Each structure stands twice: as C-alpha cells, then as structure tokens.
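Note that the structure is a prediction, hence the values are computed from the model and not measured. Order of the sequence lines sets the chain letters (A, B, ...), proteins ahead of strands, with each chain counted from 1.
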Amino acid sequence: MEYNFREVEKKWQQYWREKNVYKTEIDYSKPKYYVLDMFPYPSGAGLHVGHPLGYIASDIYARYKRQKGFNVLHPMGYDAFGLPAEQYAIQTGQHPAITTSQNIERYREQMDKIGFSYDWSREFRTCDPDYYKWTQWTFIQLFNHYYCQDAQRARPISELEEVFAMEGTARIRPAATVEISFTADEWNRKTEEEKQTILLNYRLAYLADTWVNWCPKLGTVLANDEVVNGISVRGGYPVERKLMKQWILRVSAYAERLLQGLNTVDWSDSLKEIQKNWIGKSEGAFIQFALSKNNSQFSILNSQFSIDIFTTRPDTIFGATFMVLCPEHELIEKITTPEQKKEVDEYVFKAKNRTEVERAGDVKKISGVFTGAYAINPFTNTEIPVYVAEYVLAGYGTGAIMAVPAHDSRDYAFAKYFNLPVIEVIKGGDIDEEAYEVKEGICINSGFITGMEVKEGAKVVIEKVKEIGIGYGTINYRLRDAIFSRQRYWGEPFPVYFKNDIPYMLPEDELPLLLPEVDKFLPTETGEPPLARAQNWQTKEGNKLECSTMPGFAGSSGYYLRYMDPHNEKEYFSKETNQYWQNVDLYVGGTEHATGHLIYSRFWNKFLYDIGLVCKEEPFQKLINQGMIQGRSNFVYRIQGTNTFVSFGLKDNYDVSPIHVDINIVQNDILNMDAFKQWSPDFADAEFILENGKYICGWEVEKMSKSKYNVQNPDDLIEKYGADTLRMYEMFLGPIELAKPWDTNGIEGVSRFIRKFWRLFHDANNEWNICEAEPSPDEYKILHRTIQKIENDNERFSFNTAVSAFMICVNELSDNKCNKRKILEPLTILLSAYAPHICEELWYLLGNEDSVIFANYPEFNPNYLVENTFNYPVSFNGKTRFFKEFPIDKSISEMESEILQLEESKKWIEGKVVKKVIIVPKKIINVVL
RNA sequence: GCCCGAAUGGCGGAAUUGGUAGACGCGCUACAUUCAGGGUGUAGUAACCGCACGGUUGUGCAAGUUCGAGUCUUGUUUCGGGCACCA
C-alpha cells in the first residue's frame with residue numbers, strides 16, 4: 001500500500017499526546033540538555049512557513065540529543081502580553097485575554113500538526129497570574145538592590161542604607177542616576193521621604209523623570225529598541241520626546257559584564273558584534289572646563305559652574321576651540337547672557353519639541369546658537385565660546401562636548417559655519433580642506449604633549465587633569481537604562497503603591513497583583529493609563545497603586561527559567577531544578593531580538609545570578625539565529641487595457657503590467673488557468689497567450705505578506721505532503737542561519753524521498769517485505785557512511801546537508817534493492833529526528849514496539865570502534881528504550897538472556913515484556929561525553 | 001559615514017583541514033511503462049568547440065602567495081545585515 005501520511009501522522013501524534021511520551025523529568029542518570037525556541041507572540045494571522053523553521057531545527061536537535069542518551073528539556077509557551085491584542089481590544093471591545101487565548105489555540109493546533117516533541121505539560125503564558133507573579137517578584141528584588149561597582153555585582157539596598165548612616169557616600173561607589181554626595185550626618189538628619197527619594201537614585205529598578213520615546217498614537221512610551229528611525233516598530237506611528245516620570249531598569253550598570261559575558265557564549269560573531277555596538281564601550285576622559293569669570297554680570301555666578309564633558313580624545317584638548325551643550329542641558333539657562341537669551345530660548349524650545357523623525361531628518365543640517373558664555377580651555381588658558389546645538393545628544397556622555405574642529409568632522413562643519421578657529425594638533429592632515437580624523441599620529445601645537453604619539457599624549461593629559469583635579473580617565477557606555485513603564489492595559493501590573501508620592505513595594509505574600517478589569521482599554525480623560533479606570537485600584541490600606549504596566553520584554557526576560565519548574569507555587573523555580581537544568585544549551589530564534597530581548601534576558605539572568613537564584617551567569621550558551629524566510633511572489637502579465645495575460649517568456653513583446661497572483665494557484669511557476677479565472681471576478685473571462693501550451697508566471701523575492709498573495713500556510717502543505725515532508729523540506733531549503741526565499745517548487749523532491757523510503761520496506765505490490773539476511777559489506781558501507789555523515793551534520797547544525805545525505809543513502813539502497821532489516825532498522829532510528837511519524841510507523845511495522853536496542857561493533861569496519869562506552873537508556877521517538885553495548889564475541893541469544901536478567905532493564909522498560917533484541921550500530925545512540 | 005557578513009549552473013544550494021568544483025534537490029531534455037494524465041523508472045544536464053574520442057574556459061572583478069586556491073593575502077565592485085550626529 002502507498003504510504004498514507006495523513007493516517008499515519010494523525011495516529012502517532014495522537015499516540016504521543018495520549019501517552020505523554022515527551023514529558024520530561026529530572027533524571028540524574030543522564031546528562032541534561034536544554035533546547036529552547038524563542039516563544040512566539042500569538043498573532044491573529046497564525047503561523048506561516050517562516051515561523052516553524054527554527055522550531056523544526058530545534059526539534060530535530062532535541063530528538064537527536066535524546067537518541068544520544070541525553071535528558072532533553074524542550075518546552076514551549078507563549079509571549080502573551082502585548083500591543084496587538086490590546087489594539088484589537090480598543091477597536092472591538094473584546095478583552096485581550098480572549099483574543100490571546102483564541103490565537104494561542106490556533107498556534108497550538110498548527111504546531112501539533114508538525115509533530116514537535118515539546119513537553120507541553122510545562123507550557124505557560126506570560127499573562128498567566130501564576131507566571132507573572134514571578135515577573136513582579138523579580139521586579140521587587142530589582143527595586144531592593146543596587147549595583148556595587150567595586151564588587152561588580154548587585155547588593156541589597158539595606159546594605160547601602162547602613163553604609164550611608166555610617167559614613168555617607170565618601171567611600172562607596174554605587175551605580176547611580178546622578179552623582180551626589182553627602183555625609184553620614186546629613187543622611188541621618190533626612191526624613192524618611194527624603195531618604196527614599198535618594199535611594200531611588202541607586203535602586204536597580206527606579207522611578208525617575210526621563211526623556212522618553214512617547215508615541216501619542218499608541219498612548220504609551222517605548223524602549224529604544226521598539227523605535228526605528230523615529231517610528232514605532234508596532235504600528236509604525238511617529239514617536240516624540242517627552243519628559244515623564246517612569247520606572248527604569250538600571251541595565252547600564254551591567255554594561256561591562258554584558259560585554260565580557262559575550263566571550264563565554266557560543267553565538268555567531270555577527271550577533272556578538274551587534275550587541276557589542278549596542279553596548280558601545282568607549283574609553284576616554286571626563287574633564288571639567290571652568291567657565292570664564294570675565295563675561296558679563298554673571299561672573300560671580302559663573303565661577304561656581306563648570307562644564308563637564310566626556311571625550312575619547314583627550315590628546316586633542318589643545319585643539320578645543322569651543323564647547324557645545326545639548327539643548328536639554330540644565331546649565332543653559334544659568335549661563336546664557338541676557339543678550340543671547342531670546343535666541344537661545346527659541347532654539348532650545350524648537351529643538352525640544354521636535355520629534356525624533358524631524359531631528360533624524362536633517363542630520364546633515366548645521367544648527368546651533370551661541371550662549372554668550374565662555375569657558376576656559378584648561379591647557380591653552382584661552383577663552384572659548386559655549387554653544388548650544390542639536391548635534392550633541394542628551395543621552396550620551398554628559399550631554400556636553402569640547403569641540404575640536406581640526407579632528408572631528410562634525411565640529412569642523414560647525415566651526416566653518418560659525419567661523420570659529422580651527423587649530424591643528426595632529427600632524428598629517430590638511431585642515432584647510434577637511435577634518436583629519438585619525439586615531440594615531442604625532443601631536444603638534446600641544447604644549448607639554450607636543451611631539452608625542454597620540455596614545456601617549458592622551459595618557460599624559462589624563463594624568464595631568466587628575467593632578468589638577470579637574471578630571472579623570474573613564475569608560476563610557478552607549479547602553480542606556482531600560483524604560484520599564486508602559487501606559488497600557490495588557491501587561492503585568494507593577495507591585496507598587498504610593499504613599500506621599502513615594503513608591504513602595506507590595507509585600508511578597510500579596511503577589512500576584514492581578515490585572516484589574518476596566519470598562520475601556522483606553523487612557524482616562526485626564527491622560528492617566530487605562531489601569532486608572534479600575535475600581536478600587538488601591539491597597540487594603542487605601543494607598544494608590546501604580547497605573548502603568550510592564551513592557552513586553554518583562555515577561556520574556558526570565559521565561560526560560562520558569563520552564564525548569566513551571567508549576568512551583570512557592571518559588572520562581574526550585575534550587576534543585578535550576579541546579580539540574582542549569583541554563584539553556586541551545587537557543588534558537590531570530591536576530592531581530594539582538595538588541596532587545598537578548599540584552600534584557602542576559603541582564604535579568606545576571607541579576608538573578610548576583611542574588612544567588614540561578615547558578616549560571618549567562619542564560620543561553622549556544623544560540624542559533626534562523627534566517628528569515630522571505631516570500632516568493634508570482635506574477636501574471638496583463639496587456640494594458642485588456643483582460644489578456646501573456647506568459648512570462650513572451651511578455652517583452654507587449655505593453656504589460658505585472659499583477660500579483662496567489663501562489664496557491666501556481667505550481668512550479670505554471671499557472672492553473674481555471675483556478676485563476678475563479679480567483680477573482682475580474683479575471684473570470686481572462687484570456688491567455690501561452691508558451692508551449694502553458695502559462696508561465698514571473699517571480700520575485702519579497703517580504704511574505706497577505707497583500708502580495710505569497711503567504712504560505714504550513715497547514716496547506718501538511719495537508720498536501722505531510723508533516724515529515726514539510727519538516728525535511730524546510731531544512732533542505734538551505735543553511736538554517738541564512739535568509740532565503742520560500743519556494744514550494746522543490747518540495748516534491750522531499751516528498752518523493754519519503755515515499756521512496758517507505759518503498760524500501762515494501763515489494764512491487766506494496767506488500768510488507770523485509771529480508772532478514774545478513775547485509776553485504778557494500779550495504780553496510782552505505783549505512784555507516786550515512787550514520788557518520790548525519791552525526792557530523794547534526795553536530796554542526798547543517799540540517800540541509802543531512803537531508804541530502806538521507807536522500808543519497810535511500811537512492812543507493814533503492815538501486816541495490818536492499819530491504820535488509822539490519823540496514824533499514826538503524827536508518828529508521830537515524831531518520832526519526834527528521835521525519836518522526838513515518839519512522840515511528842515503520843518501527844512499529846518492524847515489530848519493534850517493546851524492544852531493547854543493542855549497539856554492536858560492525859565487524860567489517862574498525863573505525864567505528866569507540867573506546868569509552870556507556871550503558872544508557874536512550875530515548876527514541878519519546879519512548880525510553882534500553883541500550884546495551886553488544887560485545888562481538890557473544891551471540892544474540894546470550895545477550896538477550898543477560899539483558900533480561902538485569903534489574904535496570906526492568907525499570908527502564910517499565911514492566912513491559914521485552915519481546916526482542918535489536919542490533920544497531922553503536923554510533924547512532926552512543927553518548928559522547 | 002562606521003562596523004559585520006556574503007557573492008559558485010536556469011533556480012535553492014554542496015565542497016567539514018588549501019587537494020577531482022557544481023554533491024543533493026528543483027527545473028529542463030530524451031526514452032520506457034501508460035489510451036491519456038499522474039505516478040514510477042532509466043539516461044543526460046556549468047559554458048564553449050566537436051558526430052564522437054576529447055579539448056578549452058570556469059566559483060563577482062583585479063592582482064598575489066602556493067606544486068596546487070571557491071577556500072589564504074591585498075585591493076575593488078555589488079548585495080544583505082547592524083549602528084548612525086555616540087564626542
């Protein structure tokens with residue numbers, strides 16, 4: 001009988017579900033392996049073929065690892081809080097929880113059809129109170145800790161309070177929002193409120209006024225990685241800058257460790273590079289420039305102020321001929337002279353109110369205004385003018401710079417525009433033409449560093465400023481703190497209440513703080529977030545609760561930990577489960593999370609590491625980025641003004657316009673003309689100009705989208721070809737990490753392979769036909785070459801070449817008409833990671849249901865001898881099967897009786913009667929430690 | 001502008017350590033089975049010259065190292081990705 005994939009796949013999926021074969025428990029007799037996919041946000045559109053690509057790869061690897069004797073944790077869940085469900089709720093009034101549940105149901109259905117080996121008993125959603133309780137709990141811990149820069153780790157805030165009471169800020173260096181100092185006496189005299197306000201300056205989760213990306217259309221703030229070119233990633237609305245009181249995570253405190261940690265993980269270089277750039281470490285100096293006392297009536301006042309700058313080029317300080325402040329700089333109003341005030345105020349007002357889009361729009365346009373004030377270059381002792389300009393950013397360094405026009409192109413352009421002096425301080429350039437921006441060379445016109453190499457000069461200048469007491473060498477990071485408040489409904493409520501406007505944490509035993517019901521999912525009339533609409537949104541004592549909710553990345557930052565112990569009601573996860581599962585060994589997902597989720601998660605994990613909750617500092621040991629699957633659109637060509645369509649090869653002879661056509665009515669670029677006529681009433685009476693009797697469509701690679709009619713739904717492909725074929729074809733498309741267009745054309749090849757594999761076990765009349773004879777050396781050779789190749793490919797995640805190897809193997813066996821059990825049986829195990837359904841069925845037909853697998857040494861090839869062997873139970877298609885090494889000098893019956901006497905074998909086989917013993921090459925299931 | 005990565009037939013892509021380039025699949029061509037279609041099987045398929053034996057060229061482009069380069073070095077072009085007034 002021909003292979004009936006519909007029946008077989010349904011049968012085994014049901015079997016796996018009913019018998020819970022993929023349920024995973026801690027098992028100290030086996031080494032652990034944790035394979036994780038980036039869990040999906042369940043959108044209304046369901047899965048398209050791009051989504052499962054990574055899931056299939058990780059599933060293959062998980063199954064492969066199980067065969068190798070590892071205890072594999074392979075869970076799945078949903079990132080369920082988020083904007084789309086809320087936007088939908090605003091439009092329709094339907095509660096986001098309902099939309100989310102429906103979408104999840106659809107996702108689950110689609111995933112089940114692909115035959116994944118997830119342990120679904122561990123599933124949870126980030127919107128489950130049982131889960132977000134621990135998101136809230138972690139937030140409280142962040143609030144209760146500060147970052148000690150000397151110890152390079154988080155410490156309890158209570159320790160800081162003790163130090164403050166004993167010796168003030170004199171000797172301690174906590175990471176802070178603003179540098180402040182006070183003595184123990186001053187601290188002890190402060191009121192409780194004042195103390196709490198000061199502590200916010202140090203907490204890892206703190207509340208502060210900050211410039212945020214405000215999206216008026218969405219009515220919420222967004223994190224930097226949620227904004228691209230001044231446009232919101234979700235929805236594509238303009239984003240502006242606004243000063244607001246927000247919860248913020250002090251991610252920047254971990255900048256150095258986030259950077260160093262990259263050296264210890266196995267990620268692609270490009271991904272590490274992205275994170276490195278995002279963290280943006282630069283070494284330089286912090287230097288104070290005193291303001292000149294000579295200018296105007298502010299002279300007395302000015303002597304109190306200095307302009308603090310950060311520079312990576314202290315060696316060029318002799319060329320600093322002016323200074324620039326960002327428009328947000330607090331010094332501006334204090335130093336601007338009356339004559340300049342009007343102009344400055346206007347400039348600052350305009351700059352502050354410009355949206356990010358507008359600002360980004362004219363990066364090249366030079367603008368700025370003189371404040372009337374002068375600073376003093378501490379080394380040349382000359383007065384240099386102070387400007388305000390947009391090209392200096394508030395969020396980086398100190399928001400002020402010393403401008404060295406000779407060696408910085410932006411300063412150069414600014415100096416030329418305002419006619420400011422340009423002093424060359426590094427030899428080699430032509431500063432009449434352009435700025436000479438090199439990082440090496442000889443210093444000139446530079447007082448005591450003249451003649452030195454640039455690097456040496458920088459060192460000497462740093463020593464000198466330190467000596468005078470106006471600065472020091474320092475390291476600056478571009479990584480900014482993460483704004484953690486969202487003015488939305490569908491997110492985790494903060495476990496925070498306010499007393500006299502000071503925030504306090506709820507007691508841990510009152511968690512979870514449940515998301516309240518509201519009448520509408522919109523902000524209130526007074527502009528407060530939706531939670532302000534909730535009845536009695538206050539504590540038992542009547543204190544006001546926080547109305548913002550947490551952002552999408554809150555729930556996804558620590559979800560991988562919860563899978564270890566998902567039903568624990570007392571803890572996030574138990575120490576024991578964390579000790580066993582440690583961290584994620586293999587994480588599979590898209591690069592788009594490089595500067596978002598993957599930074600936040602690492603931060604989250606490092607914090608939990610500091611407080612002793614997790615045993616590994618890095619959460620994801622190896623990471624694979626599956627490439628995006630692009631769409632492959634098909635086109636028909638209509639002759640202008642007619643309803644006649646020209647085939648691709650002839651279109652150049654006519655004046656045609658291309659029209660997207662649904663890829664579901666095109667096969668191998670050949671249009672199904674009848675289906676086309678039915679596709680849209682517009683085309684009902686279409687006529688065609690054909691080539692060789694066929695209508696050939698054109699094609700192009702584009703983003704997969706509904707409007708381009710190029711979305712390929714996995715369900716349709718499974719219906720037509722089966723899950724095993726889909727799984728193998730997605731792998732066959734190309735290297736997992738490469739972006740590639742989806743092209744259904746090749747799927748026939750894999751489908752053919754599956755049928756061919758099936759036919760190996762059957763005769764010409766499709767009757768079961770397996771031969772028990774001893775295989776020939778040539779046949780063994782085919783098998784063992786394949787085992788070797790697949791093992792190799794699996795280990796280096798080269799799934800596309802592995803599929804090729806299977807095809808070659810089956811072609812060769814089929815050429816030799818080889819239907820020998822001893823060849824096909826091991827192949828079935830080998831292929832089961834890729835095509836689990838057909839292999840499970842064949843295994844069953846082979847009569848191997850309750851079987852013991854023996855591994856032997858193939859006699860003909862000593863290369864397959866492996867020195868260290870272990871007797872492990874192996875898991876194959878979810879069922880644990882006993883694996884025992886088979887010495888060459890014993891007969892099968894001898895081994896059979898030996899194994900049946902073993903206590904362990906009875907345990908492993910769970911009381912089942914062992915019917916038979918199967919011999920396979922040991923390499924397939926050997927554990928290599 | 002800066003930082004990564006890639007470039008191989010009509011197409012997707014192989015080539016694991018510098019050692020027969022083009023595996024495997026799609027598509028295409030021919031033949032067999034068949035009323036036909038589908039399916040299956042067999043043979044061919046980088047380009048050029050040649051009936052054929054065979055020969056020449058060939059991994060974006062230009063040089064170099066080497067007995068030998070798709071692979072290493074330098075320069076260059078194009079495409080993709082990241083960052084983007086980051087001082």
Checklist entry - What does Pro741(A) touch in the nucleic acid at a heavy-atom separation under 4.0 angstrom: a base, only the sugar-phosphate, or nothing? => result nothing
Checklist entry - How would you label the contact of Ile309(A) with the nucleic acid (heavy atoms, under 4.0 Å): base, sugar-phosphate, or nothing? => result nothing
What interatomic distance, in whole Å, is found between [atom1] of [M] and the corresponding atom of [N]?
| N | M | atom1 | result |
| --- | --- | --- | --- |
| rU40(B) | rG50(B) | P | 38 Å |
| rU73(B) | rG55(B) | C1' | 33 Å |
| rA62(B) | rG12(B) | P | 23 Å |
| rG9(B) | rU59(B) | C1' | 10 Å |

Checklist entry - For residues 796-807 of chain A, which residues have at least one heavy atom under 4.0 Å from RNA chain B? => result Arg796(A), Asn800(A), Thr801(A), Ser804(A), Met807(A)
Item to check | Results of side chain to side chain donor-acceptor pair (under 3.5 Å) for Tyr721(A) - residues two or more places apart only | outcome: Glu748(A)
Checklist entry - side chain to side chain donor-acceptor pair (under 3.5 Å) with Tyr695(A): which residues, sequence neighbours excluded? => result none
Would you say [Y] and [X] are linked by a side-chain donor-acceptor pair, where the criterion is simply a distance under 3.5 Å?
| X | Y | result |
| --- | --- | --- |
| Ser282(A) | Tyr477(A) | no |
| Arg632(A) | Gln712(A) | no |
| Glu795(A) | Tyr64(A) | yes |
| Asn263(A) | Lys272(A) | no |

Item to check | Paired nucleotide for rG5(B) [Watson-Crick or G-U wobble; both distances under 3.5 Å] | outcome: rC79(B)
Checklist outcome for this item: The residue, Ser270(A) or Thr312(A), whose nearest nucleotide of RNA chain B is more 5′ is Ser270(A)
Protein-nucleotides 36-45 of chain B N/O pairs closer than 3.5 Å?
{"from": "rU40(B)", "atom 1": "O3'", "to": "Arg759(A)", "atom 2": "NH2", "distance (Å)": "3.4"}
{"from": "rG41(B)", "atom 1": "OP1", "to": "Arg759(A)", "atom 2": "NH2", "distance (Å)": "3.4"}

Checklist outcome for this item: With sequence neighbours left out, the residues meeting side-chain contact (heavy atoms from CB on, under 4.5 Å) with Thr801(A) are Lys789(A), Asp793(A), Arg796(A), Ser798(A)
Item to check | Listed partners of Tyr396(A) passing ring pair (Phe, Tyr, Trp, His ring centres under 6.0 Å), at least two apart | outcome: none
Checklist entry - Going by a 90° cut-off around 0, is rG9(B) syn or anti? => result syn
Next on the checklist: Could you check whether Glu812(A) pairs with Arg785(A) (Lys NZ or Arg NE/NH1/NH2 to Asp/Glu carboxylate O, under 4.0 Å)?
Outcome noted: yes
Checklist entry - Within the structure, does a side-chain N or O atom of Asn811(A) lie under 4.0 Å from either OP1 or OP2 of rG25(B)? => result yes
